[in-house]
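The block underneath contains the structure these notes are about, expressed in structure tokens.
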Amino acid sequence: MNKVCKRGTKYAVLVAICVALVTTAAFALNLPGFGKYAAVKPANGMVTIPVSKVSDGKAHFFHLTDGGKDVKFFLVKGSDGHLHAAFDACDVCYHEKKGYEQQGDQMLCKNCNKKFAINRIGQESRGGCNPAYLPARVDASNVRIMVDDLRSGANFF
């Protein structure tokens, strides 16, 4: 291999490493536009998220910074056609601060590896390792969550 090819290969590898490092840092630092959680800002005592942004069947993760704490939650549309809201924590594993990830029609606790059916997330599935219930009002246009309800879960984070 000639010197030009070797030098080009070295630069390509260096660029790939730099891109990987920047991407990893963005996720680790949760920089705006990167990472798992989108920031929400309250207005008139509530957070409003358009239904159209969270109706694709994928879990969408958000955080509200309040009093120096990041309160984390997710919204996900189940196969039952309903949007389900929960804190990204549970009564049992929240100390580990790992939260959940979606695996098909279930949410997986990233600490204990238990899976929970998305369609069952809600008021009826309180306690234990279930995603902690977060009250939300859903209409045709928006999901509305009261800031006081978000604050009630601050102890998880």
Side-chain angles (χ1 to χ4, degrees), residues 16 19-157:
V19 168
L21 288 173
V22 168
T23 302
T24 301
F27 279 97
L29 298 173
N30 207 13
L31 296 175
F34 294 95
K36 180 176 176 179
Y37 300 96
V40 293
K41 297 203 184 278
N44 301 319
M46 74 176 55
V47 168
T48 303
I49 300 166
V51 167
S52 61
K53 296 202 182 247
V54 293
S55 291
D56 58 2
K58 295 178 185 168
H60 296 268
F61 294 85
F62 302 92
H63 74 94
L64 170 71
T65 302
D66 183 67
K69 281 226 174 186
D70 276 338
V71 178
K72 299 171 183 175
F73 64 99
F74 64 85
L75 298 169
V76 60
K77 185 175 184 176
S79 61
D80 60 0
H82 294 105
L83 280 167
H84 300 267
F87 289 104
D88 194 20
C90 70
D91 293 332
V92 176
C93 298
Y94 75 93
H95 293 289
E96 300 302 323
K97 310 236 184 282
K98 293 182 181 179
Y100 293 87
E101 70 180 27
Q102 184 176 8
Q103 289 190 347
D105 62 351
Q106 299 180 331
M107 295 301 288
L108 170 77
C109 174
K110 295 192 308 185
N111 186 59
C112 70
N113 293 316
K114 288 185 182 177
K115 293 181 181 178
F116 303 91
I118 290 169
N119 291 349
R120 294 187 47 122
I121 294 172
Q123 188 170 9
E124 298 81 31
S125 61
R126 289 182 173 195
C129 195
N130 286 291
Y133 174 64
L134 175 61
R137 293 191 326 248
V138 182
D139 62 33
S141 303
N142 293 300
V143 178
R144 291 183 177 85
I145 302 170
M146 301 300 295
V147 171
D148 286 342
D149 289 331
L150 288 164
R151 286 181 181 140
S152 74
N155 61 313
F156 291 127
F157 307 98

How close do [X] and [Y] get, counting heavy atoms only, and between which atoms?
| X | Y | value |
| --- | --- | --- |
| Phe73 | Ile145 | CE1-CD1, 3.6 Å |
| Gly122 | Tyr133 | C-CD1, 3.3 Å |
| Cys129 | Val92 | N-CG2, 3.8 Å |
| Cys93 | Cys109 | SG-SG, 3.8 Å |
| Val138 | Val51 | CG1-CG2, 4.1 Å |
| Leu83 | Ser55 | CD1-OG, 4.4 Å |

Say whether, by atom type as modelled, one donor and one acceptor occur between the side chain of [X] and the main chain of [Y] under 3.5 angstrom.
| X | Y | result |
| --- | --- | --- |
| Gln102 | Gly57 | yes |
| Asp80 | His82 | yes |
| Asn119 | Ser79 | yes |
| Tyr100 | Asn130 | yes |

Got a second to check how far [X]'s [atom1] is from [Y]'s [atom2], nearest 0.5 Å?
| X | Y | atom1 | atom2 | answer |
| --- | --- | --- | --- | --- |
| His84 | Phe116 | NE2 | CZ | 15.0 Å |
| Gln103 | Ile118 | CD | CD1 | 10.5 Å |
| Met107 | Glu101 | CE | CD | 8.0 Å |

Just so I know, are the side chains of [X] and [Y] near enough to count as touching, which here means a heavy-atom distance under 4.5 Å?
| X | Y | answer |
| --- | --- | --- |
| Phe157 | Asp70 | no |
| Asp139 | Arg144 | yes |
| Ile49 | His60 | no |
| Arg137 | Met46 | yes |

- Message: Among Ile121, Leu134, Val54, exactly one meets side chain to side chain contact (heavy atoms under 4.5 Å, CB included) together with Phe74. Which residue is that?
- Response: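 By the side chain to side chain contact (heavy atoms under 4.5 Å, CB included) criterion, Phe74 pairs with just one of Ile121, Leu134, Val54: Ile121.
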- Task: Go through the structure and list residues passing side-chain contact (heavy atoms from CB on, under 4.5 Å) with Asn113, not counting sequence neighbours.
- Result: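 Once residues adjacent in sequence are excluded, the partners of Asn113 under the side-chain contact (heavy atoms from CB on, under 4.5 Å) criterion are Leu108.
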- Message: Does the plane of the ring in Phe156 sit parallel, tilted or perpendicular to the ring in Phe87? Use 30° and 60° as the thresholds.
- Response: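 Ring orientation, 0 to 90° scale: tilted.
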- Query: Any idea how Tyr37 and Phe61 line up, ring-wise: parallel (<30°), tilted (30 to 60°), or perpendicular (>60°)?
  - Reply: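 Geometry flag for Phe61 against Tyr37: perpendicular rings.
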- Query: Would Asp56 and Lys77 satisfy side chain to side chain contact (heavy atoms under 4.5 Å, CB included), going step by step from the backbone distance to the final call?
  - Reply: CA-CA 7 Å; Asp56 58 2; Lys77 185 175 184 176; over 6 Å; no
- Would you call Asp66-Lys69 a salt bridge at under 4.0 Å N-O?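 A salt bridge is absent here (no side-chain N lies under 4.0 Å from a carboxylate O).
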- Item | Member of Lys98, Lys97, Lys36, Lys72 meeting the salt bridge (Lys or Arg N to Asp or Glu O under 4.0 Å) criterion with Asp88 |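 Result: among Lys98, Lys97, Lys36, Lys72, Lys36 is the only option passing the salt bridge (Lys or Arg N to Asp or Glu O under 4.0 Å) with Asp88.
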- Crowded around Asn44 CG? As in, over 12 foreign heavy atoms under 6.0 Å?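 Check fails, neighbour count at 12 or below.
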- Query: Counting only heavy atoms not in Lys58, do more than 12 sit closer than 6.0 Å to its NZ atom?
  - Reply: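 Incorrect, the count does not exceed 12.
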